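Step one of this worksheet: look at the structure below.
Below, read A as the first sequence line, B as the second, and so on, with proteins coming before strands; counting in each chain starts at 1. In this text, all values refer to a predicted model and were calculated from it rather than measured experimentally.
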Protein chains: 2
Amino acid sequence: MLHSSDLLKKNGLSITESRKQILELFLLSDGALSHSDIEKKTSAAFDRVTVYRTLQTFVEKGIIHQIPTTDNSILYGLCKDSCEAGHHHDEHVHFLCNSCNKTICLDDVTVPHVKLPNGFKPLQSAMVVKGFCDDCKVS
Amino acid sequence: MLHSSDLLKKNGLSITESRKQILELFLLSDGALSHSDIEKKTSAAFDRVTVYRTLQTFVEKGIIHQIPTTDNSILYGLCKDSCEAGHHHDEHVHFLCNSCNKTICLDDVTVPHVKLPNGFKPLQSAMVVKGFCDDCKVS
DNA sequence: TAAAACATGCAACAATATTGCAAATATAAA
DNA sequence: TTTATATTTGCAATATTGTTGCATGTTTTA
């Protein structure tokens, strides 16, 4: 079992209470988390600003990645081992369940390549699929 | 040339100055627009609230659609003719240019289907590709 | 043209995000 | 282990973004 302190150390970050707890949330969560999710789950133990800065740091270090949304929120998901600082490899599909409202990283489903019009040079792709997840499906 | 008033009439909306001007912005723009883009481009001629409600109305009527972003903004793009109220057909790829920062609807590039793990039922998909656009490409 | 329906702007408020700085904590060095 | 340095945190202040109710103004319908 990967422990939060190890992951912090591995990324050259000093080990603090807020970083440990917030990272632990991601390790234990089965879905992506937003800023407000984290505030709730930590019972606002940390200042809003600390949470903002922690998330930003984690993104920069390649510990978590941002997931596109159509509302004005930012979702964060845990990165796989292959991610590094400044060099994310999060080209997997994200699934948003219409029922339980969770957003899940489908780490094994890679975003397919698409043929773009002439002149367009793709660098990264992101994909979000909405529907019903494994747990909520009508069987 | 499609005129804003026609489009409003076609969708059963009363024709007002703010709706005309905001819709005109979309018709003339070559990229997607955010709330703040619209405020700037109209020189804040309309109240913030009016802009919010206008965008909401346009989305409901299928005139514009929301585009996923990884920041805390909402982007809106003009819908194709095939969109109707409550029934969008905007499963095209969106392209975000790292250089000029525009987001462009690639209406002719449809989002490919992906094979999901067992139990996941997809309903809609969205895709955003980042890179360099036609105008900004290093040739 | 008048009445009804609808849209707008204002005010008040709520939620979300950013910055500088002093205090507190973690790490590195002695 | 203790001290010095570097880093992180929390607070305060402020900015930005989003929402609601209601009176006023505008558009549409008859």
Exercise. Could you grab the distance from atom CZ of A:Arg53 to atom CZ of A:Arg19, nearest 0.5 Å is fine?
Key: 10.5 Å
Practice problem: Walking along DNA chain D from 5' to 3', note the first and the last nucleotide with an atom under 4.0 Å from a heavy atom of chain B, and give both. | Solution: D:dT17 to D:dT28
Exercise. Would you classify A:Arg19 as touching base, sugar-phosphate or nothing, given that sugar-phosphate means primed atoms plus P, OP1 and OP2, and contacts are heavy atoms under 4.0 Å?
Key: sugar-phosphate
Quiz item: Rounded to the Å, how far apart are B:Tyr52 OH and C:dA14 C1'?
Solution: 12 Å
Quiz item: Would you say B:Ile38 and B:Leu55 make side-chain contact, with heavy atoms under 4.5 Å?
Solution: yes
Quiz item: Base, sugar-phosphate alone, or nothing: which one does B:Ser73 contact when heavy atoms must sit under 4.0 Å apart?
Solution: nothing
Practice problem: Calculate, to the nearest 0.5 Å, the distance between atoms CG and CD1 belonging to B:Asp6 and B:Ile15 respectively. | Solution: 8.0 Å
Quiz prompt | Below 4.0 Å: OP1/OP2 of C:dA7 and any side-chain N or O of B:Thr16 | solution = no
Practice problem: Find which nucleotide of DNA chain D each of B:Gln56 and B:Ile15 is nearest to by heavy atoms, and output the residue with the more 5' nucleotide. | Solution: B:Gln56
Exercise. Can you measure from CD1 (B:Ile104) to SG (B:Cys133) and round to the nearest 0.5 angstrom?
Key: 4.5 Å
Self-check item: Atom-to-atom span, CG of A:Asp47 to P of C:dT19 - whole angstrom
Solution: 15 Å
Self-check item: Separation of atom CD in A:Glu17 from atom C1' in C:dT27, rounded to whole Å
Solution: 16 Å
Exercise. Would you mind reading off the distance between A:Lys20 atom NZ and C:dT25 atom C1', rounded to a whole angstrom?
Key: 12 Å
Quiz item: Going by atom types only, do A:Glu24 and A:Ser4 share a side-chain donor-acceptor pair under 3.5 Å?
Solution: yes
Quiz item: CG of B:Leu13 versus P of C:dA5: gap in Å, rounded?
Solution: 18 Å
Quiz item: Can you tell me how far CG of B:Leu116 sits from CZ of A:Phe95, rounded to the nearest 0.5 angstrom?
Solution: 6.0 Å
Exercise. Figure out the CZ/P separation between B:Phe58 and C:dA7, and round it to whole Å.
Key: 11 Å
Quiz item: The side chain of A:Arg53 lies closest to which of these nucleotides: C:dG20, C:dC10, C:dA7?
Solution: C:dG20
Quiz item: Does A:Pro117 reach the side chain of B:Val109, with side-chain heavy atoms less than 4.5 Å apart?
Solution: yes
Quiz item: Tell me: CZ of B:Arg48 to P of C:dA7, nearest whole Å?
Solution: 21 Å
